[in-house]
Amino acid sequence: ASTKDLRGKIDDNELMESEFAAAKSELESLSENLKEKLEGMDSLNAEINKLKIEKEEDRRALADLDEKLKSEEARSESKDANLTSLRSRMEQLETDLREKVDEVGQLSANLETKERVVESQSDEARRVQVQLSSLQTNLETVLEELEKMKSQCEGDEQKIEEFEKTMETDRQIGRAG
């Protein structure tokens, strides 16, 4: 192998080491990104659970309001004297009930949005995990190739040193002769 070939191989080796360092840095960045996304998913899951609890409480409150409304209607029918006041209270309960229904609808929509965000982030985390796995496999292959090239370069360096020693010996013999 010529010195130029050896230099070329050394340059290639240095380039591959540089690419390996860049790929390793990218892998670390992707890993950190994945950790951040997983932490965000935990936070979203906690918020979703909180919204589910609030939704259940609102459902119970609606059931309670519905029972109160029925009770007020029964009183209205049995007590003509309180009819006007009961109707007013019934209208207020109905308004409250509608507000609660609207609130529950909004909470439900918020919950669905949060669930879609979590699903999207879960998909993204899975994609990143696949990319990381592929990148790791590629890096392992590059590392194996670098090791082979390094070993080959070391062998070539030895051959060059031996050749240079032989040339020096030949020169000395030529001068002596």
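Nothing here was measured: the structure is a model prediction, and the numbers come from that model.
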Reported [atom1]-to-[atom2] distance for the pair [X] and [Y], which is rounded to 0.5 angstrom:
X	Y	atom1	atom2	answer
Arg89	Ser71	CZ	OG	8.5 Å
Leu143	Lys150	CG	NZ	10.0 Å
Leu38	Asn33	CG	CG	9.5 Å
Ile48	Met41	CD1	CE	9.5 Å
Leu51	Glu115	CG	CD	9.5 Å
Glu47	Lys114	CD	NZ	3.5 Å

| request: Start with the C-alpha gap between Val142 and Leu146, add the side-chain angles, then the distance that decides, and say whether side chain to side chain contact (heavy atoms under 4.5 Å, CB included) holds. | output: CA-CA 6 Å; Val142 167; Leu146 284 174; 4.1 Å; yes

Group every Ile, Leu, Val, Met, Phe, Trp and Tyr by side-chain heavy-atom contacts under 4.5 Å, then state whether [X] and [Y] land in the same group.
X	Y	answer
Leu34	Val118	no
Val101	Leu107	no
Leu139	Val128	yes
Val104	Leu69	yes

| task | Report yes or no: do Gln106 and Asp102 form a side-chain donor-acceptor pair below 3.5 Å? | result | no

| request: Please test Ile173 against Thr169 for side chain to side chain contact (heavy atoms under 4.5 Å, CB included), starting from the C-alpha separation and ending with a verdict. | output: CA-CA 6 Å; Ile173 290 171; Thr169 303; 4.0 Å; yes

[Y]/[X] salt bridge by N-O under 4.0 Å criterion:
X	Y	answer
Lys159	Glu162	no
Glu56	Arg60	yes
Glu168	Arg171	yes
Glu94	Arg98	yes
Glu119	Arg116	no

Quick check against the 3.5 Å criterion: does [X] have a side-chain atom that pairs as donor or acceptor with the backbone of [Y]?
X	Y	result
Thr141	Thr137	yes
Ser133	Gln129	no
Ser29	Ser25	no
Thr113	Ala109	yes

| query | Looking only at heavy atoms, what is the nearest atom pair of Lys9 and Cys153, with distance? | reply |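 For Lys9 and Cys153, the tightest heavy-atom pair comes out as CB-SG, 3.8 Å.
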
| request: Considering non-hydrogen atoms only, spot the tightest contact between Leu132 and Ser31 and give its length. | output: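 It is CD2-N, 4.3 Å.
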
| query | Run the side chain to side chain contact (heavy atoms under 4.5 Å, CB included) check on Arg59 and Lys55 step by step: do they pass? | reply | CA-CA 6 Å; Arg59 190 196 59 75; Lys55 183 177 177 181; 5.8 Å; no

| request: Quick one: do Glu99 and Asp96 satisfy side chain to side chain contact (heavy atoms under 4.5 Å, CB included)? Show the steps, please. | output: CA-CA 5 Å; Glu99 287 174 3; Asp96 291 348; 4.1 Å; yes

| query | side chain to side chain donor-acceptor pair (under 3.5 Å) between Asp156 and Gln152: does it pass, once the steps are laid out? | reply | CA-CA 6 Å; Asp156 288 348; Gln152 187 177 5; 4.7 Å; no

